[in-house]
There are 2 protein chains.
Amino acid sequence: MARSPQKKASAPASGNAVTADLVAVLVAVTDGTPKIVTIAGGSALPSGPFEFTHRSLQTALRAWVEAQTGHPLGYVEQLYTFADRGRSGDAKSPHSVSISYLGLTREDKVGEGFEAHWSGWYDYFPWEDHRAGAPACLAKIIAPQLKAWAKAASSPTLQRERWQRCAITFGLDDRDWNEELVLQRYELLWEASLIPEAGRAHGRDAPVVPGKPMTADHRRILATGIARLRAKIKYRPVVFELMPAEFTLLQLQRSVEALAGRLVHKQNFRRLIEQQELVEETGAMAADTVGRPAKLFRFRHAVLAERAVAGTKLPLSRT
Amino acid sequence: MARSPQKKASAPASGNAVTADLVAVLVAVTDGTPKIVTIAGGSALPSGPFEFTHRSLQTALRAWVEAQTGHPLGYVEQLYTFADRGRSGDAKSPHSVSISYLGLTREDKVGEGFEAHWSGWYDYFPWEDHRAGAPACLAKIIAPQLKAWAKAASSPTLQRERWQRCAITFGLDDRDWNEELVLQRYELLWEASLIPEAGRAHGRDAPVVPGKPMTADHRRILATGIARLRAKIKYRPVVFELMPAEFTLLQLQRSVEALAGRLVHKQNFRRLIEQQELVEETGAMAADTVGRPAKLFRFRHAVLAERAVAGTKLPLSRT
DNA sequence: CCATTTATACTCTCCTTGAGCATAAGATGG
DNA sequence: CCATCTTATGCTCAAGGAGAGTATAAATGG
């Protein structure tokens, strides 16, 4: 337990040595697929020890990613810090604080000859992609398993409460799907022992929920990152960090949809983008297109000064 | 720099020992004043080393605060993790990672005989309280200083950019005040060397911006906490963590206004609270009141199940 | 020319939000 | 008892925004 304040003022105490790790969720969107940098065959997020030769965590993360990709990292945001005991599964390992970050780039910026590569994030969370309607695995696998878990509660009241939580979190029983609840959904599946990482004693069957697992709590960190990004794109112009220099409005829309995991109304999307003056025409038209050619746009960097701080909006509001 | 991923998988590395500190922003609202727990005569936030006898950071923080106040801590949320080198100002001190938390309680829950006591948070950020209109210090002191700082930039373009940032962030030049930009405002004042903690070489005058300073970066952490809370009350029912069991709608409104630092339209506030069914009547009426007696309400804890996750709203939207 | 695909311009309705008016129900001082 | 002050509470209204649909334009490949 931390000492109580009357015993000390504010100087940091010594002793209590731990190690500090950085874990990064590095996102890109290519052809309507949100991707993340993974290592170890897609079973882990890139991570490494933080070294204090840097002025700050942010600096360290940028330097690390730049060394890996050869390009500066666009948007960076701290996600969460974990310090759970035995986090690595080994109770004897030194205690470690893991500081996770979300970073946005473009896929083409990854350097050569690295173990790291890009994996689609829906490989890890297949139930999160609702662009073609609710995924089959939701109704066929997840909902029944959650129902069974709810039924297994000790009292009828608890059973009802459990199921209500499941229904709200996963949009079951005709409730609306809320794409921002990525972390809550993952944690609920964990609680119900439907996630391999939960590693509890299971009955006859191993957990059957689809989705690729990851080392330690990396999938939880990824869930945190996805949730944060899905929330962020609605009020900050961060999507543009994931776009090429020039793009059509449909490409932009597809990227937003890829991240949010749901479709948006095309005309309304354009209306919002244009009325906020987030983009400007380049004058050129898209070349390789099917159908009527679209104008090419570029991000108006001026808005970063005008409203980086003031907020923007995308048509992804709760219904 | 962190090692690049191709050299390692995901097991935490040893070496690189640091210490982990917890720093807490513990908030209560009494009589329309938002307060925080401070130590050292109000010059620091409560902080202490994290010990790994706890399962998680959250657990450690709760235990620590409970030991101090004798009551469980209501809402807890992680704020940010700092690991800046020389954070404590002493380059030779062991490197330390500071993990900050926001916690909500009630003032009456503080135990006896502790150095810790409550300080009004506007003592540290006088320019953040706009309930009685824009504070005088904004126009009289801050705006001129910022203007001088902007003028001091090397080129006309830079000068304009600086001033535009100032105007947006502080709502100058007839712009709207955005109460959520607490951290950006503090950082801008820091950048302009108008904050004692910035500790740069100053000209003839010491910085003159009003507001009590704090040790190290504690005031920055407090700014982060205020900003987070101001954002949060708009879409999560967290205000109730700060209210007594029974309250009138006006009391609730005053608490929201205290946190947000701005007034809200009374009738619209009630409309929103009631139509979301956040509260229920207790049947009793407020006793010690002036004017027509108000009904007493209590928080409907059912909404935590119904929509803890789904979101709520308060009439504090951007205009 | 046709169907098909995508782009782009409008329209329409419903709901939310900000704001104000009006009335009710207490206390207080004369 | 009345006038006045203060707070509570109910109701209306107008403007703007969001969701959804219609219509037309511009390209492609038969």
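Proteins come first, then strands; the chains are lettered A, B, ... in the order of their sequence lines, and each starts at number 1. Predicted model, so just to flag it, every value in this text is computed and none were measured.
Using a 4.0 Å cut-off between charged nitrogen and carboxylate oxygen, Arg220(A) and Glu187(A) count as a salt-bridge pair. No salt bridge links Arg175(A) with Asp173(A); every basic N to acidic carboxylate O contact stays at or beyond 4.0 Å. Between Arg230(B) and Glu128(B) a salt bridge is recorded (basic side-chain N to carboxylate O distance below 4.0 Å). Looking at Glu257(B) and Arg262(B), no side-chain N of the basic residue comes within less than 4.0 Å of a carboxylate O on the acidic one, giving no salt bridge.
In this structure, Arg254(A) places its CZ atom 8 Å from P of dA7(C), rounding to the nearest Å. Atom NE2 of His265(A) and atom C1' of dA7(C) are 13 Å apart (whole Å). At whole-Å resolution of the value, CG in Leu249(A) and P in dT6(C) are 15 Å apart. Taking atom CG of Leu263(B) as the reference point, atom P of dG18(C) lies 14 Å away to the nearest angstrom. In this structure, the CD atom of Gln276(A) is 8 Å from the P atom of dA18(D), given to the nearest Å. We find that CZ of Phe269(A) is positioned 14 Å from C1' of dA7(C), with the value rounded to whole Å. One can place CD1 of Ile273(B) at 14 Å from P of dT9(D), the figure rounded to the nearest angstrom. For the pair Leu252(A) CG and dT6(C) C1', the interatomic distance rounds to 16 Å; values are reported in whole Å.
Looking at heavy-atom distances under 4.0 Å, Leu250(A) makes contact with sugar-phosphate atoms alone, never a base.
The two residues Arg106(A) and Trp118(A) have their closest heavy-atom pair at O-CZ2, 4.1 Å.
Using a 4.5 Å cut-off on side-chain heavy atoms (C-beta onward), Trp163(B) and Lys147(B) make contact.
With 3.5 Å as the limit, one finds a donor-acceptor pair spanning the side chains of Gln267(A) and His265(A). In this model, a donor atom of one side chain and an acceptor atom of the other lie less than 3.5 Å apart for Gln78(B) and Tyr101(B).
Between Phe240(A) and Phe247(A), the ring planes lie tilted relative to each other; the angle falls in the 30° to 60° range.
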Between protein and nucleic acid, restricted to nucleotides 9-12 of chain C and to nitrogen or oxygen atoms under 3.5 Å apart, what atom pairs and distances do you find?
unit_1 : atom_1 : unit_2    : atom_2 : d
dA9(C) : N6     : Gln267(A) : NE2    : 3.3

Shorter than 3.5 Å, N or O on both sides, protein versus nucleotides 25-30 of chain C: list them out with atom names.
unit_1  : atom_1 : unit_2    : atom_2 : d
dA25(C) : O4'    : Arg292(B) : NE     : 3.2

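Close to dT8(C), at under 4.0 Å from its OP1 or OP2, lies no side-chain N or O of Lys266(A).
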